[in-house]
Student: 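Here it is, the structure in full.
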Amino acid sequence: LPGLVLEQTRPATVTTPSVPIADPTRPYTPPPDYLNPVANPLQFPTKPEEVTLIGTQPITLAQALELARRNSRSLQVIELQVQSSRLAVREARAAELPSVNLNGTVSYTDSASAELSNRRRDPNSLAALLGQQNQSTTSSSLSGTIEVTYSLDTSGGRSAAIAAAERQLRINELEYERQLEILRLDVTTDYYALQEADQQVEIAKQAVRNAEQSLKDAKALEEAGVGTRFDVLRSEVQLANAKQDLVRAISAQRVSRRQLAQRLSIPQSIDIAAADPVAIAGLWSLSLEDSIIMAFKNRPELEQQLVQRELSEKQRDLALASIRPQVSLFANYSVLDQFDDNIGSADGYAIGARVNWTLYDGGASVARAQQREQDIAIAETRFADIRNQIRFQVEQAYSNLQANFENIQTAALAVEQAEESLRLARLRFQAGVGTQTEVINAETELTRAQVNRLRAILDYNRALASLQRAISNLAAGSSTSPASN
C-alpha cells in the first residue's frame, strides 16, 4: 500500500536476568481453613473486640488466588445466575413433552336453599307473590376430565425458545469466566502492591540503619577533632528524614494488607502478609503476533458477543413464530355421575387436533422481530470494538513487559554499583579524606537504586499479569503458560 511502512517486530526476550525467577514447580499448600469467611453473610460486628486484629497470616500468591475464587461474593452471585439459567433451559425443554391436565368437580345442591336465596334477591317475584311453598330437593354429582395435549408444530417457536435459553446459559457461563479473570488480575495486582509495600519498609529500615551509621561516624570524627558539628547536624537531619520515610512506608504497608484482605473476604480479626519473595513471575516466550491471535481465540468477551448475536437471532425467530400456525394434538376422557338418579355413570373420550393462527396482532410480533434485528447489529458492532480493545491491551502489556524486563537488568546493576559507592564513600569519610556530603549522596543513590529495582521487578510482574489477562485462560505460574522459565 502507498505510504505503508513495514515494521519488523522484535521477538520476545528470553534472556534470564540477574534476579531470581519464581519456581512454578514449587509444591502448593492450600490456605488454612480459618481464613475462610464467616458463613453468615449478614454478620455485623458491634463490638471493638470483634474487629480487632489478633494475628497476621503470611500467604502465597497461589493461596490468595484460591481464597479469592472461593470467597468472592461477586463470583457467588454469578454462580447462582448460571444455576438459574440451567433451570431456565430445563423449563424450555419441557415444551418437548406432552402436558397432562386433570379437572374434576363434586357438587351438592339443595333446591330449597336455592329458592329461598332467589326470593331474598327478588321479593317481587311471581313465586313470592302467590305464596308458593318451598319444595325441598337435593342432588349431588361428580364430573371430571383428564386431557393430554402435545404441541405438534409451533412453526419453530419451541426450538427457538430452547436455543435462546441455551444461549443465555452460555452467556452467563462466559461472564463467570470473565469475572474470574478480572478477579485474578485484581488479586495479583493487590498482592504485588503488598510485596512492594513490604519491600519499601525493608528499604526504609536499611536507610535508617545507614543514616544511623553515618551519624555514628560523624560523631566519632567530631570527638576525635577531625570532624565538624556541621557534619553531625547533616547526619541527624538525614536520619530524621529516613525515619519519616519509614513511618510512611509502614502506613502504606498496613493499607496494602487491608486492601488484599478486603479483596479476599477473610475474617475481620485476621491480617495477612505476603509470603512469596519478590522475584520475576516468569518469562514470556510468545511473539506479539502469536499473543494477539491467542487472545482473539481465548477471550470470553468475544465469544459472548457471538453468542449474544445467536441469542438475538433465536429471539427474532421466536417473535415471528407467534404469528404463524400452531398445531397441537389432544386426547381427553370425561366421566359424569349423578348420584341420586338411579342411573349409572356416563363417560366418553375425544381425540383431535387444534390449530391456532394469529392472523393479525397489529404488527407487534414483527416489531419485536425488528428489535432483535437491531440487537444482532449491536452485537456485531460490539464484537469489532472489543476485538480492537483486546489487541491494544495485548500490545500495551507486551510493550510494558519488555520495557520493564530491560529495566530489571539495568536496576540490578545500579544497586550493585550504589552499594560499592556507599562502601567507598564511608571508608573515605572515616579516613578523613571524604566528606559527609559524599556519604549522604551515596546513601540516597543506594535507596533510589533499590526502589528502582523493586519497581522494575514488580512492574514486570504486573505487566505479565496484565498480558495473561489480555490472553485469558492462563493462570499465573502455571506450567502450561508461556510465562514459564
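Everything numeric in this text was worked out from a predicted model, so none of it was measured. Just so it is clear, the values below take in all heavy atoms, side chains as well, and ignore hydrogens, waters and symmetry mates.
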Student: What's the separation between atom CG in L215 and atom CD in Q238, rounded to the nearest 0.5 Å?
Tutor: 10.5 Å
Student: Between R455 and Q200, is there a side-chain heavy-atom distance shorter than 4.5 Å?
Tutor: yes
Student: Among R426, Q206, Q213, find the residue that satisfies the side chain to side chain donor-acceptor pair (under 3.5 Å) test when tested with E443.
Tutor: R426
Student: Roughly how far, to the nearest 0.5 Å, is the CD atom of Q259 from the CD1 atom of I272?
Tutor: 10.0 Å
Student: Under a 4.5 Å cut-off applied to non-hydrogen side-chain atoms, are W284 and Q402 in contact?
Tutor: no
Student: Kindly give the heavy-atom pair with the smallest separation between L467 and L401, and that separation in Å.
Tutor: CD2-CD2, 3.9 Å
Student: Is R469 reaching over with its side chain to a backbone N or O of L185, donor-acceptor style, under 3.5 angstrom?
Tutor: no
Student: Extract all donor-acceptor atom pairs below 3.5 Å that involve side chains of residues 246-257 and protein atoms in other chains or at least two apart in sequence.
Tutor:
from, atom 1, to, atom 2, distance (Å)
R248, NH2, D245, OD1, 2.4
Q253, NE2, D198, OD1, 2.6
S256, OG, A252, O, 3.0

Student: Taking atom CG of N172 and atom OG of S84, what is their separation to the nearest 0.5 Å?
Tutor: 8.0 Å
Student: Without swapping roles, check the side chain of Q326 against the backbone of R324 for a donor-acceptor pair under 3.5 Å.
Tutor: yes
Student: List, one per line, each side-chain donor-acceptor pair under 3.5 Å for residues 376-384, sequence neighbours excluded.
Tutor:
from, atom 1, to, atom 2, distance (Å)
E380, OE2, R309, NE, 2.6
E380, OE2, R309, NH2, 3.0
T381, OG1, A377, O, 2.9

Student: Apply side chain to side chain donor-acceptor pair (under 3.5 Å) to residues N400 and Q396 and explain how you reach the verdict.
Tutor: CA-CA 6 Å; N400 292 337; Q396 182 183 40; 5.4 Å; no
Student: Give a yes or no answer on whether the side chain of R299 reaches the backbone of A470 with a donor-acceptor pair at less than 3.5 Å.
Tutor: yes
Student: Any sub-3.5 Å donor-acceptor pair from Y191's side-chain atoms to I59's backbone N or O?
Tutor: yes
Student: How about CZ on F392, more than 12 heavy atoms from neighbouring residues, nucleotides or ligands closer than 6.0 Å, or not?
Tutor: no
Student: Return yes when atom CZ of R448 has more than 12 non-hydrogen atoms of other residues, nucleotides or ligands closer than 6.0 Å, and no otherwise.
Tutor: no
Student: Show me the pairs that pass ring-ring contact (aromatic ring centres under 6.0 Å, His included) and involve residues 442-469, at least two apart or across chains.
Tutor: F405-Y460
Student: Just by modelled atom types, is the L264 backbone N or O under 3.5 Å from a matching donor or acceptor in the N71 side chain?
Tutor: yes
